[in-house]
Amino acid sequence: MKHPMELALVGLLALLAPVLPTVAEQAAAELILTGGRIRSTVGVAEAMAIDGRGVIMAVGSAEEVAALRRDGTRVVALSGRTVLPGLHDMHVHPLFAGLRRKECEIAQGSDVKTLQSRVADCVTRASPGQWITGGQWDASTMGRIPNRWMIDKVAPAHPVLLSDTSGHSALANSRALQIAGVTADTPDPEGGIIERDGDGRPTGVLRESAIDLVRGHVPMPDVNEVRAALKWAVDEMLAFGITSYTEASMGFAAGAASELAAYVELADSGLLKQRVRLCLNWVPGSQESEAVIASRNRFARDRISPDCIKIFLDGVPTDSHTAAMLEPYSDRMEGRDDHASRFGMLLVEQPVLDQALVRFDREGLAVKFHAAGDAAVRAGLQAISAARKANGLYGPRHDVGHSTFVAEGDLALARAVGATFEVSPYLWGPTPINADIAKAVGAERIRRVWPVRGMIDAGALVVPGSDWAVVPSVNPWPAIETLVTRERAGGSAEAFGKAEAITIAEAIDLFTVNSARHLGTSNRLGRIQQGMFADLIVVDRDPYEVPATSLHETKVMMTIVNGEVVFER
Ligand SMILES: [Zn+2]
């Protein structure tokens, strides 16, 4: 016999049962996309419905999904267009991109004459004594490393500071060096090089941390400029279908305080649509960087996760030879034969780095390295390995950013220690920086540049980053194409690391599900499936069906974040 309480409970359940809604009835569809090619985990579907919380309610046939339509449901006719998960950009500098628009723009690939006439133009538009900053020059197109005297000719009175295509070198004119107090007697700073001529005089070319000697004197943009720059940049990214991104180096463009303030203001006023991870710079021994890291959660919001630490391990493998390489560079630097000019610079010593990783890993902070050379990549992987050994496998995923060159044996190490490779496919399009890299490392190593095929085959997680505004556009479609073709966008006779090509499905995975896995959001994002959040893009072609050489022309027609339409062409 049943206990009276039990009977009462059964009665209560019976009473409740009829009013418990079925899953499909829980909410009306807020948004229905129908009549297209929805690339979902269950194949190509015709239609999908999204509820008011931004969750995908159903993926299926037009009839099935139409049953979820109510008064007020917005219905988008896809007209045969394709729906993909929203794209991730795992290494981008939007503030830098936004602020750079106001600077003196030197088109990539400019020769010395063009560079001079551009600077002359900028001088005419500047007020007396105003700083002229901008970029991007590159030594390989100019056929020589530029110097300050070239700039002095057209800008004798204005201080000028121009970055190269990598952002890791800059050219200052004489007035700028004078204001910064950089003379023949100034020693190279830790982690930086002041290039000098035969007489020991600074040539104006500054590498890595030496740039800061001059940059520290350039007035910072005010808060309004920073906010406007960020707003422009996030909208630009939405137009290219980027629904999640990682700000790769907070504070680098306008100082951490005003950059964090701009993010929070935009998020609090509902204008920041993407899901953003912020990487805060960490410099060994810097109290300033520790203070920013300690304050990080004051800036945490629904769409802002300040849970990443950026550590620079080296520079770039261009004519500057600042990327740390296991084998010496193939070419020689004019007038130099020191260790740094032959092997590059490892900016943090291994024991210091290991200790930092053990600490950040234990604190639940993901570390993103800047590591372009194979020696820097190895240092990063070893530090991650040290963290796993000390803390177990329970920490966040850390990533090695750029990973331009990776020693073959280190691919398996990444898998073993759960490290992610972040690669820069936007950089291997038709950008002059590649000619520079090829010249510096030689033909043998360039065959395995950005070994994405090898990374995937080794079972490592691979994610993409644009590094915008180091590259001129944040458009991911040329990058998706060149991951597949390893040629110039549109196809070309010349190729760049052809053996490392991957398939279109793998390329799209990099931008979607792999990135979500890296961020720990793959239960919510990165795939189109019932129950996932609706971060989606509608594109004008099905990238799985068209010739690879046309992928760069893909147009994003609509971008949706959390069920909200945030961009429409
Ligand atoms: Zn970067």
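All values reported here derive from a predicted model rather than from experimental measurement. First listed ligand is number 1; within each ligand, the first listed atom is number 1.
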Engineer: Tell me which N, O or S atom from Asp467 is the closest to the Zn ion (ligand 1).
Structural biologist: OD1
Engineer: Are the side chain of Trp450 and the backbone of His402 linked by a donor-acceptor contact shorter than 3.5 Å?
Structural biologist: yes
Engineer: If you define the side chain from C-beta out and look only at heavy atoms, does anything of Tyr245 sit under 4.5 Å from Gln274?
Structural biologist: yes
Engineer: Out of the N/O/S atoms in His93, what is the name of the one closest to the Zn ion (ligand 1)?
Structural biologist: NE2
Engineer: Cut-off 3.5 Å, side chains only: do His321 and Asp331 have a donor facing an acceptor?
Structural biologist: yes
Engineer: Go through the side-chain N and O atoms of Ser166 and Asp164 and say whether any donor and acceptor fall under 3.5 Å apart.
Structural biologist: yes
Engineer: Has His370 got an N, O or S atom lying less than 2.8 Å from the Zn ion (ligand 1)?
Structural biologist: no
